[in-house]
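Comments concern the structure below.
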Amino acid sequence: DTGVSQNPRHKITKRGQNVTFRCDPISEHNRLYWYRQTLGQGPEFLTYFQNEAQLEKSRLLSDRFSAERPKGSFSTLEIQRTEQGDSAMYLCASSLGQPATNEKLFFGSGTQLSVL
Amino acid sequence: ELKVEQNPLFLSMQEGKNYTIYCNYSTTSDRLYWYRQDPGKSLESLFVLLSNGAVKQEGRLMASLDTKARLSTLHITAAVHDLSATYFCAVDIQLNTGTASKLTFGTGTRLQVTL
């Protein structure tokens, strides 16, 4: 296992189009997170899954955003009717779900979205 | 709302010099992380600091945590060019659902080590 995998690496789309990103976490990890990073800023939390259940969503995640993890393995993040403000790096992370003191997140390389 | 501030935001230093990056945060936290990010790359975990007074070292990097002051430092000793990257601290606020992590990141410190 080579770590958290995200596809595509880059996505260019026109405003108003829908886009979908995929994240494959480390195989035995039951927790999966999505973060968004804009240029010059630190990543911001978007949402979190414990297995297939989406347990937390940030207020940054508007109604145009939806995330799924149907079988508790890979996850998808869809953005409908994209806007220029959605342009960012979308990062996925996974963790094993250890007790609090051992929780460690492993990040993927991200999907860079550019909305024209 | 939790705020995490790093300074400096940009640091240019010569090889062989020492310097410290500071991370201040606004509320009580159980855990603090330091990450490294190279341009176009993923975030690489450097340190996890779990308690007041925790100190961890790896190579030329040493991180410490003072929970009373809500301050963490990342000290660079005898910098080398390979350390050039952006360094983020991230404070962990446990989600309502238990022990899962919800990281709030600082804005990052872009370190440039010149030859």
Side-chain angles (χ1 to χ4, degrees), chain A residues 2-7 9-10 23-26 29-51 53-61 88-112 114, chain B residues 1-10 21 23-25 28-52 54 56 65 67 72 85-110:
Chain A
T2 56
V4 179
S5 176
Q6 291 188 246
N7 288 288
R9 289 296 308 276
H10 303 275
C23 171
D24 287 273
I26 294 172
H29 286 186
N30 57 25
R31 291 182 180 154
L32 187 146
Y33 306 79
W34 285 98
Y35 283 77
R36 181 175 71 185
Q37 185 178 21
T38 53
L39 194 62
Q41 300 296 317
E44 298 172 293
F45 171 81
L46 292 179
T47 190
Y48 150 70
F49 290 85
Q50 173 86 30
N51 298 312
Q54 187 175 18
L55 297 182
E56 179 92 9
K57 290 197 294 186
S58 163
R59 63 179 184 275
L60 294 175
L61 217 64
M89 174 77 81
Y90 289 84
L91 294 164
C92 176
S94 69
S95 69
L96 192 55
Q98 296 277 25
T101 54
N102 293 327
E103 181 76 344
K104 184 176 178 180
L105 271 63
F106 294 83
F107 282 85
S109 298
T111 294
Q112 180 66 53
S114 299
Chain B
E1 181 185 342
L2 171 61
K3 292 186 178 179
V4 181
E5 295 181 345
Q6 285 182 238
N7 69 83
L9 298 183
F10 177 74
I21 300 170
C23 173
N24 291 90
Y25 54 98
T28 303
S29 170
D30 294 333
R31 285 166 280 179
L32 190 139
Y33 297 78
W34 283 96
Y35 285 90
R36 168 182 172 146
Q37 188 176 38
D38 292 290
K41 302 287 187 181
S42 182
L43 291 156
E44 174 190 354
S45 178
L46 296 174
F47 302 108
V48 182
L49 301 169
L50 300 175
S51 61
N52 187 40
K56 291 198 174 179
L65 178 62
T67 57
S72 179
T86 298
Y87 293 85
F88 291 96
C89 65
V91 176
D92 193 352
I93 298 293
Q94 287 187 338
L95 295 171
N96 295 334
T97 46
T99 59
S101 297
K102 178 180 177 181
L103 301 184
T104 300
F105 284 81
T107 51
T109 296
R110 189 159 77 90

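Values below: every heavy atom of this structure, side chains too, minus hydrogens, waters and symmetry copies. Order of the sequence lines fixes the chain letters, A, B, ..., with proteins taken first and strands second; residue numbering starts at 1 for each chain.
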Least distance between heavy atoms, B:Ser42 atom then A:Gly108 atom
OG-O, 2.6 Å

Closest non-hydrogen atom pair, A:Lys104 against B:Ser45:
CE-OG, 3.5 Å

Check this for me: B:Arg36, atom CZ, are more than 12 non-hydrogen atoms of other residues, nucleotides or ligands nearer than 6.0 Å?
yes

Do you know which of B:Leu43, B:Leu9, B:Thr104 has the most heavy-atom pairs with chain A at a distance under 4.5 angstrom?
B:Leu43

Can you tell which of A:Met89, A:Gln37, A:Gln6 has the highest number of heavy-atom pairs within less than 4.5 Å of chain B?
A:Gln37

Who among A:Pro43, A:Ser109, A:Ala93, A:Gly110 has the most heavy-atom pairs with chain B under 4.5 Å?
A:Pro43

Please flag which part of A:Leu91 lies under 4.5 Å from any non-hydrogen atom of chain B: side chain, backbone, both or neither.
side chain

Given that the side chain runs from C-beta out, which part of B:Gln6 has a heavy atom under 4.5 Å from chain A: side chain, backbone, both or neither?
neither

Rounded to the nearest 0.5 Å, the OH atom of A:Tyr35 sits from the CZ atom of B:Phe105 at a distance of 5.5 Å

